[in-house]
Amino acid sequence: MNDQTTSPSGRSDFIREIVAADLREGRHEAVVTRFPPEPNGYLHIGHAKSICLNFGIAREFDGRCHLRFDDTNPVKEEQEYIDAIEADVRWLGFDWGEHLYFASDYFEQLYDWACHLVKNGKAYVDDLSADEIREHRGTLTEPGRESPWRDRPAEESLDLLERMRAGEFPDGSRVLRARIDMSSGNINLRDPVLYRILHSAHPRTGDAWCIYPTYDFAHGQSDAIEGITHSICTLEFQDHRPLYDWLIENLPVPSRPRQYEFARLNLTHTVLSKRTLMRLVNDGHVRGWDDPRMPTLTGLRRRGFPAEGIRDFANAVGVAKNEGVVEVGVLEHAVRDVLNRQALRRFAVLNPLKVVIENYPEGQVEEMEAVNNPEDPSAGTRPVPFTRELWIERDDFMEEPPRKFFRLAPGREVRLRYAYFITCREVVKDGEGEIVELKCTYDPETRGGDAPDGRRVKATLHWLSTAHALNAEVRLYDHLFREPYPGSDGRDAFEDLNPESETVLHDCFIEPALAELPTGEAVQFERLGYFCPDPDSAPDAPVFNRTLTLRDTWAKLQAQGKQDKA
RNA sequence: UGGCGAGUGGCCUAAUGGUAAGGCACCUGACUCUGGAUCAGGGGAUUGAAGGUUCGAGUCCUUCCUCGCCAGCCA
């Protein structure tokens, strides 16, 4: 018995309240939910919301959640997707234990139930073509017309259904339809198709079948077979609920599941429709389903988004029936929040500018002790080599600094993190006036980063010894779409693609400690953001993906054009 | 002119007839060897509209408006 109404985070929602009430009032001994993907594509962040809801409820109320593939349409489904989906759900942090199911496991039972409906006059074989059925269906405002085959004898329908199964008829020649109400305002009740002929091999049942149940006929009955108590789906299925209930009530099913609908996730600056995602991949706008810019779970994982961050995000957006659009910032905040706690800090210089410390002994190397994670003392420290010639970030120097620019400038003193204070003495330029080098001096008294005389600096920069830094490629990512609502106001979503969603930087430098970081392990490049090694990395050619930038108030000031304001 | 659903600060979500709460975002200040993090504070809502019931309405009733979904042998 469990009468809690809230999730561990203290939040609840209308579905959890229904579950809690059903348990409290004894309608069910335990809650059983299910996540029912069709294996025809990759899972994305929107599915994550559903996964977190279904598995989350099972976990919180001490019930169970099944992973069930809704594999009723062999022409679109593939084993590859089944494998990828299982991996993604596991990665997200959920476990279905023994409860892995396939709608195709129930084909025989479903067929028996189809016969049951026919025998009871609740279903019939229709010889109309797809076009004719459409014509008979009517429109949103006009009722449909009954098929001429609607009242044929049950025995005849039964015989035809058997012969459909036996493969006697070609695709599309006949269907099995429920006999409900051709004049219903709900089009799903206008004698919906239950079975269609598809001479197509199925990833799991092979060529055992040439007729396949539709979603409507398979889903609720699969729920009933598995003892699902709460069948949770998205809003677009609300219209199907009367049909869901009609089938359950007219069939000798072993349990009585109920369907509940919630609003699917929408996110700004991205798109979550399978069709658009597919086009992004097929038209080469991204490099694949796992491109770090994709909102797919495999893409987010490659990008370096931790599963915990995605779960936190799902929890933060809540579950309701109001279809809204969540700002990506909420997702990014959730991800930064876990990365800030967990990611090891490292130095990297993406856009290098050489600094020579003129008064530092040539050939000398000092090991500076750097903290691995200020949020987690147990992460310890590491040595970072310091020498006379260093790389710093080009953005950390300005020859003519505006008022609010605190970093290095001619004559200015700043701190090199964990090392010394340095002062810029001279700016060296090439023939074109490009700054190629900074000549600086350091104060030996400031070793470790503090001045004995108590003087302060306004900025602390990250740096790397030119002699020790490793070379790396770094891929910078930004929103795939520059518009918050891609394709709004009549535009094609693809017009809103962000041309700068990926910027590849070569000849970046990373600190030696980064040499052997496992793929996908997130680190923070101090002052820059969170990054993780990409699978494209080679032993001597590391590639890093930028997961997210750090919050950057300087960048914000620049964007607002306020950097000169007093 | 059909059916179903939804409208609460910029965004998301709560308040289950008792006097609008939280997260994100934004702004200020403190602190800081990351312009990060953290901490403290702040602005911002005539709850889609108009009526009605009630001592009292975001919540109940009526009418209206707006938005979303549905006419696959997809899910």
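- Rounded to a whole Å, the CD atom of E323(A) is 15 Å from the C1' atom of U66(B).
- The separation between D239(A) atom CG and G72(B) atom C1' is 15 Å, rounded to whole Å.
- G7(B) shows a glycosidic angle more than 90° from 0 and is accordingly assigned anti.
- The ring of H47(A) has its center no closer than 6.0 angstrom to the ring center of Y42(A).
- Out of U16(B), A75(B), U13(B), the shortest distance to the side chain of D70(A) is found at A75(B).
- Scanning atom types as modelled, no donor and acceptor separated by under 3.5 angstrom connect the side chain of R551(A) and the base of G35(B).
- Comparing the P positions of U59(B) and G9(B) gives a spacing of 15 Å, expressed to the nearest Å.
- Because its NZ or CZ atom is not both nearer than 6.0 Å to the ring centre of Y101(A) and within 45° of the ring axis, R68(A) does not count as a cation-pi partner of that residue.
- Checked by distance alone, E375(A) brings a side-chain donor or acceptor within 3.5 Å of a matching partner on the base of G36(B).
- Under 3.5 Å, the side chain of E327(A) and the base of G10(B) form at least one donor-acceptor pair of N or O atoms.
- In the set U32(B), G2(B), U34(B), the nucleotide with an atom closest to the side chain of L140(A) is G2(B).
- When each of P36(A) and K49(A) is assigned the nucleotide of RNA chain B bearing its nearest heavy atom, the one mapping closer to the 5' terminus is K49(A).
- In this structure, of G5(B), G35(B), G72(B), it is G72(B) that holds the atom nearest to the side chain of R137(A).
- The side chain of N73(A) sits closest to A75(B) out of A14(B), A75(B), G36(B).
- Within 4.0 Å (heavy atoms only), T214(A) reaches sugar-phosphate atoms of the nucleic acid but no base atom.
- When the nucleotides G35(B), C70(B), C24(B) are ranked by their closest atom to the side chain of N188(A), C70(B) comes out on top.
- Side-chain atoms of H136(A) and base atoms of A71(B) include no donor and acceptor less than 3.5 Å apart.
- Across V326(A) and L265(A), no two heavy atoms sit closer than the pair CG2-CD1, 4.0 Å.
- Here U34(B) is the nucleotide among C73(B), A37(B), U34(B) with the atom lying nearest to any side-chain atom of P374(A).
- The interatomic distance linking M182(A) (CE) with A71(B) (P) rounds to 14 Å, in whole Å.
- Taking atom CD of E236(A) as the reference point, atom C1' of A6(B) lies 14 Å away to the nearest angstrom.
- Using a 30° and 60° split on the angle between ring planes, Y215(A) and F237(A) fall in the tilted class, from 30° to 60°.
- Because its NZ or CZ atom is both nearer than 6.0 Å to the ring centre of W209(A) and within 45° of the ring axis, R165(A) counts as a cation-pi partner of that residue.
- The six-membered or imidazole ring of Y420(A) lies near that of F386(A), with a centre-to-centre distance under 6.0 Å.
- In this structure, the CG atom of N322(A) is 18 Å from the P atom of U66(B), given to the nearest Å.
- The nearest whole Å value for the distance from the CD atom in Q221(A) to the C1' atom in A75(B) is 15 Å.
- Taking only side-chain atoms of K556(A), from C-beta outward, the nucleotide of G36(B), C27(B), G5(B) with the closest atom is C27(B).
- Between R407(A) and Y215(A), it is R407(A) whose nearest contact on RNA chain B lies nearer the 5' terminus.
- Only the P atoms considered, C4(B) is 48 Å distant from U38(B), to the nearest whole Å.
- For Q342(A) and A37(B), the shortest distance from a side-chain N or O to OP1 or OP2 is not below 4.0 Å.
- Rounding to whole angstrom units, CG of residue N266(A) and P of C11(B) are separated by 14 Å.
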